[in-house]
Amino acid sequence: MNEILALAADNLLSPIILSFALGLGAALARSDLSVPEAAAKAMSIYLLFAIGVKGGVSVSEHGLGPDLIAAIGAGIVLSFGLPFVAFGLLSVLTGLSRIDRAAVAGHYGSISIVTFVAASTVLEGQGIFAEGYMVAVAAAMEAPAILSALWLVSRGGGRPAGNDGLMREILLNGSIVLLVGSFAIGVITGTEGLAQIDSFIVAPFQGVLCLFLLDMGLVAGRGLRQARASGLGKGAILFGMAMPLAGASLGLLAGLLCGLTPGGVALMMVLSASASYIAVPAAMRVALPEANPSVYLTLSLGVTFPFNLTLGIPLYVAVSQAMTGG
Amino acid sequence: MNEILALAADNLLSPIILSFALGLGAALARSDLSVPEAAAKAMSIYLLFAIGVKGGVSVSEHGLGPDLIAAIGAGIVLSFGLPFVAFGLLSVLTGLSRIDRAAVAGHYGSISIVTFVAASTVLEGQGIFAEGYMVAVAAAMEAPAILSALWLVSRGGGRPAGNDGLMREILLNGSIVLLVGSFAIGVITGTEGLAQIDSFIVAPFQGVLCLFLLDMGLVAGRGLRQARASGLGKGAILFGMAMPLAGASLGLLAGLLCGLTPGGVALMMVLSASASYIAVPAAMRVALPEANPSVYLTLSLGVTFPFNLTLGIPLYVAVSQAMTGG
Amino acid sequence: MNEILALAADNLLSPIILSFALGLGAALARSDLSVPEAAAKAMSIYLLFAIGVKGGVSVSEHGLGPDLIAAIGAGIVLSFGLPFVAFGLLSVLTGLSRIDRAAVAGHYGSISIVTFVAASTVLEGQGIFAEGYMVAVAAAMEAPAILSALWLVSRGGGRPAGNDGLMREILLNGSIVLLVGSFAIGVITGTEGLAQIDSFIVAPFQGVLCLFLLDMGLVAGRGLRQARASGLGKGAILFGMAMPLAGASLGLLAGLLCGLTPGGVALMMVLSASASYIAVPAAMRVALPEANPSVYLTLSLGVTFPFNLTLGIPLYVAVSQAMTGG
Amino acid sequence: MQTHKAKRVVITIEAIMQKRLTDALESAGVTGYSILDVIGGSGRSGPWTSEGQISRASGMVQVICIIREERLDTLMEAAFDVVEKHIGVVTIGDVEVVRAERF
Amino acid sequence: MQTHKAKRVVITIEAIMQKRLTDALESAGVTGYSILDVIGGSGRSGPWTSEGQISRASGMVQVICIIREERLDTLMEAAFDVVEKHIGVVTIGDVEVVRAERF
Amino acid sequence: MQTHKAKRVVITIEAIMQKRLTDALESAGVTGYSILDVIGGSGRSGPWTSEGQISRASGMVQVICIIREERLDTLMEAAFDVVEKHIGVVTIGDVEVVRAERF
Ligand SMILES: Nc1ncnc2c1ncn2[C@@H]1O[C@H](COP(=O)(O)O)[C@@H](O)[C@H]1O
Ligand SMILES: Nc1ncnc2c1ncn2[C@@H]1O[C@H](COP(=O)(O)O)[C@@H](O)[C@H]1O
Ligand SMILES: Nc1ncnc2c1ncn2[C@@H]1O[C@H](COP(=O)(O)O)[C@@H](O)[C@H]1O
Ligand code: NA
Ligand code: NA
Ligand code: NA
């Protein structure tokens, strides 16, 4: 317990968390500090590319092992399944409409890549190894949850809007393509390829992550100010912190079943605990335009993301260490 | 004297000055070379973040000392006071209207962070230590000058435009928030935090500064071409070079009184000598819309900034060395 | 031969080529992956600046030698001459209109700086020295080809559109100014200047190049999808691969005549083989608005650029090695 | 200078729906349009800004079509199918154009 | 397709005044507007461009409101208070809108 | 509020021609215009987007002039000389402006 607290405190005072807090504070105080949209997008491309290549290189070093298939399979099952857990929790905790519950549920089955990145950074900082292919698991978990969300709506008699090409769009989503593509680049070029570009993708990584989190803090803060106005209920906020814990527990189980290393288990927990704020919101706007975006964006980016970033990650790492004896 | 000249020559042939000159030349020759607005803004965020964190880390290493309060106090007094000096000089040297003089004066009480950054780089290059908290002094000097400018207008019977929220806006200005925030991050995370991100904020710093100065050269050159058309008088241009010297002298005095190190004194001179081109122009547009922006932007960015960058900085460093026996 | 194949295979599996392939594949699969325009432009500024400075520093180290004048002269002659070769080939291979042939021809006399950058990277990777002033040759080759293209049109009775200021515009083109300017910065500041900024312009260079090529792959892929629709003929595509070989042969001759090192000869081949996609397309839109941009952009960016990147560069390096006994 | 009457249709729509809208327009035979980026705004769902956004879910664009009056209805029907369920504002204004053969 | 008359008000104003303008509009009960970025221009104070700018002092935006005719005067008064002393161009045009209940 | 009639001219033109167009406008005595960035579109030469572009050859802008009716012809002639051979769409609409002395 003490160890968890120490870890959490350490984590809370790291440059990346403080940068997020700075952005959050600036937005809540209504400072005009802002990051240009193009710069934010460029940083997200950089982070996806770097994390993908690093994951791929790690696989090229340590080999794939049969567990890759298991882990990806587990990720897909989790992504399909978690929305049902989320939907149930939402039904108990909130008075949201079916369509809003389904939309929110879709977010929690999918993943937040920046939470994953932050967790990888924490693991690295503590010298804990994690399977490189967890990047591929992350990519695999992005999309299935969307199907579950749509199914939850249609089961209730709702009809998602014009879906032509939606599946294609989701699977060929920029962030999935970039993650999978750069993972492949890493696998193919291996350590030798990495040597050529590591002063670009390894050395400055954490610094870029700081500025990216500064921006995410700004965006989250603006969203929270909005949400305060539109009155997101206490039940919903409670959900935003309970659901990651539920997700992480299932992720823990899956990680242990797949026989992942302690680091891998922690990342599986993080993926399950985190909620999407890129791929799923876009898909929901297309398929469920009646769902209220401020509900799911606020929960995902304004509640769950900071919860995972500050308390969740150190907790998941500690639990995974304890459970795996790592 | 020889030493100053050598230093100036050295400075003039450094990559950062040459980059500025390249931008200036390209703009004056009407090349279509340009830096996207989003990239320029991203670089300014990077520079503010990096200089803030570095300052904070330096404080966490060397401690604050009681002199911090003195230095910040001196900075605030200078920022309040310098506009009066500037206003007086402008009354003597130019035929500008009261409102234009007040607006220009406000710029010279405030500071140019990139001039500060360039000076820090020069000091570093020469191995001269400077107090890390000078970053905090810089932040403290951004705003007070604006109040003096407004007071100068209202004393003359003018009435600044709708000021609701102007003070809040100025104090929560993005560049102040980012500078103070990243300074705090540096203080909190200290050397350990820096170690995680130094290959992002230390190593590439001077290179980014080059591209940033290239852009500033382009913007300044475009402004000068404009100004040539609109005919900024000789008196005004003389002011643009005399005022930094006056400011630097007062900064020297303040720095010596506060007992700063030679490097710190030099930075105090630089802050006093430099003129704002981010926070103050924006505030002036809001509060004094009748003041002519091309006058104050041209003076600040087209005359004083290059003057400080090329001749001012080496001069201030040399003088501070001489006066402190550093 | 085996060596060439090994080199080509090596090249094909390098991170930069794979990044290009990823972009190309994503665009052809109609993924929504995209790089913001401002980020793409910022990367191109970075690459031009870095390659310019590095070239200049290399000259400051190795001296200019009388061969610089010869090499620049040869480059200018090639840039003037190659459009005639291209025009002839196009007349034989395609049924394009005179004006389209002229416009395409202009592109092939000029150069692609990113192809040059990629080739320099390959040479560096193999430890092959090349004259630093080849950057200046590259800059000198950008513009002359445009005059040849216009002459080819007017000889056929056509009249290029309103040309006032076109020549000035071309010569003061952002990419030429930046390349020449940063080359001069490199020459002036030399190794000492480089030391200050090399962790910005040297270390992350290949990584930035990867993301830049990812973007070029996306743009090329989008163009190819377009071109498939508008039906660019087989003859034209054949031209897009034959012309670089013709150009490279003439470049080889010129390089040998100028007595360049093996690396320099290879770069001269690369410059001659490559086709412009920045300066010339813009000039053609202004001067020859009736020429079809999708023809020349597709050929330059969609056919010749990938051809050079994947097969051309290793071939040119191998041939130059063989011919110079390097 | 000789001018001709035409309609200027401006459709403000979420960025994620842009492709669907322009596909629908193209299917309906509308081949000319230009797209502007909307950087912020406000509506029944509150204010928003594109600053610092990485999600494609937020953000809107304006699709502008200059079109002959007689083709307006076709355009409107195609657009309406896409815009109907989604956030979006459609306005039609009168303009004069120069080269009428283009529209 | 059934359409309704409305007004399209375009206010070109300095970026630093954007928040003050939209606050004034909101106070006046105008809840719908979209914002476009102006990347350059020229006026009595000469030409300008947003290229490479980091200062918020330069740069303009266009605030576009689609509004019912009967609400126009309220909007104009609110806007005029902000625009009056500042650089800015206000134009009002006639448009047809589809879903009139939205405005 | 007292308003005055004016014309709103929108010229959609390739970015490379922007300078030539605004120079022509200025020579013709038109001093007020604003420029918007066009991020994509479609026309007879097919669809395009500015995404990821570094070449100035692609990309378009909208030059918007608010002008008194009596000055319209001068503007149109100046613009037409530049637009004629190039890709470009010119539309003219009616608007009301507030401070007429500005135009
Ligand atoms: N009356 C209006 N005038 C201009 N833009 C509007 C208007 N109403 C809505 N919009 C735009 O459409 C977006 C979504 O509107 P809404 O669906 O009402 O939230 C807003 O954020 C604005 O960008
Ligand atoms: N007649 C006009 N038409 C379009 N935009 C204008 C006009 N006049 C001024 N503007 C815009 O408003 C800005 C400031 O105008 P001014 O206050 O006249 O310098 C200009 O730079 C343009 O962006
Ligand atoms: N009818 C139209 N409405 C709006 N924009 C158009 C129209 N026609 C052409 N454009 C714009 O002008 C560009 C070039 O048109 P074009 O010369 O027909 O290929 C297009 O890509 C659009 O951005
Ligand atoms: Na999840
Ligand atoms: Na000052
Ligand atoms: Na060539």
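Order of the sequence lines fixes the chain letters, A, B, ..., with proteins taken first and strands second; residue numbering starts at 1 for each chain.
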Might you point out which heavy atoms bring [X] and [Y] nearest each other, and give the distance in Å?
X: B/Thr189; Y: A/Leu13; result: CG2-O, 3.1 Å
X: A/Leu211; Y: B/Tyr46; result: CD1-CA, 4.3 Å
X: B/Ile45; Y: A/Pro36; result: CD1-CD, 4.0 Å
X: B/Ala38; Y: A/Ala38; result: CB-CB, 3.8 Å

Evaluation steps, side-chain contact (heavy atoms from CB on, under 4.5 Å), between B/Val177 and A/Asp32 = CA-CA 9 Å; B/Val177 168; A/Asp32 68 350; over 6 Å; no
Output the distance between atom CG (B/Leu172) and atom CG (A/Leu33), rounded to the nearest 0.5 Å.
->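 Separation between the atoms: 10.5 Å.
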Roughly how far, to the nearest 0.5 Å, is CG of A/Asp10 from CD of B/Glu192?
->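 Going from the CD atom of B/Glu192 to the CG atom of A/Asp10 covers 7.0 Å.
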For [X], is it the side chain, the backbone, both, or neither that has a heavy atom closer than 4.5 Å to a heavy atom of chain B?
X: A/Val202; answer: neither
X: A/Ser19; answer: both
X: A/Ile16; answer: neither

Among A/Ser14, A/Ala39, A/Ala203, A/Ala40, residue most engaged with chain B (heavy-atom pairs, under 4.5 Å) |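 It is A/Ala203.
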Of the listed residues (A/Ala29, A/Cys210, A/Ala26, A/Gly23), which shares the most heavy-atom pairs with chain B below a 4.5 Å separation?
->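 Of A/Ala29, A/Cys210, A/Ala26, A/Gly23, A/Ala29 has the most heavy-atom pairs under 4.5 Å with chain B.
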Quick one: of B/Ile188, B/Asp198, B/Val180, who has the most non-hydrogen atom pairs under 4.5 Å with chain A?
->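 Looking at each option in turn, the highest pair count goes to B/Ile188.
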Select, from B/Gly186, B/Gly181, B/Gly174, the one with the greatest count of heavy-atom pairs under 4.5 Å involving chain A.
->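 Heavy-atom pair counts peak at B/Gly174.
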Determine, step by step, whether A/Leu22 and B/Leu178 satisfy the side-chain contact (heavy atoms from CB on, under 4.5 Å) criterion, reporting the C-alpha distance in whole Å, the side-chain angles of both residues, the deciding distance to 0.1 Å, and the verdict.
-> CA-CA 8 Å; A/Leu22 174 56; B/Leu178 186 50; 4.2 Å; yes
Under 4.5 Å heavy-atom distance to chain A, tell me which part of B/Ile201 shows up: side chain, backbone, both or neither.
->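 Neither part; nothing is under 4.5 Å.
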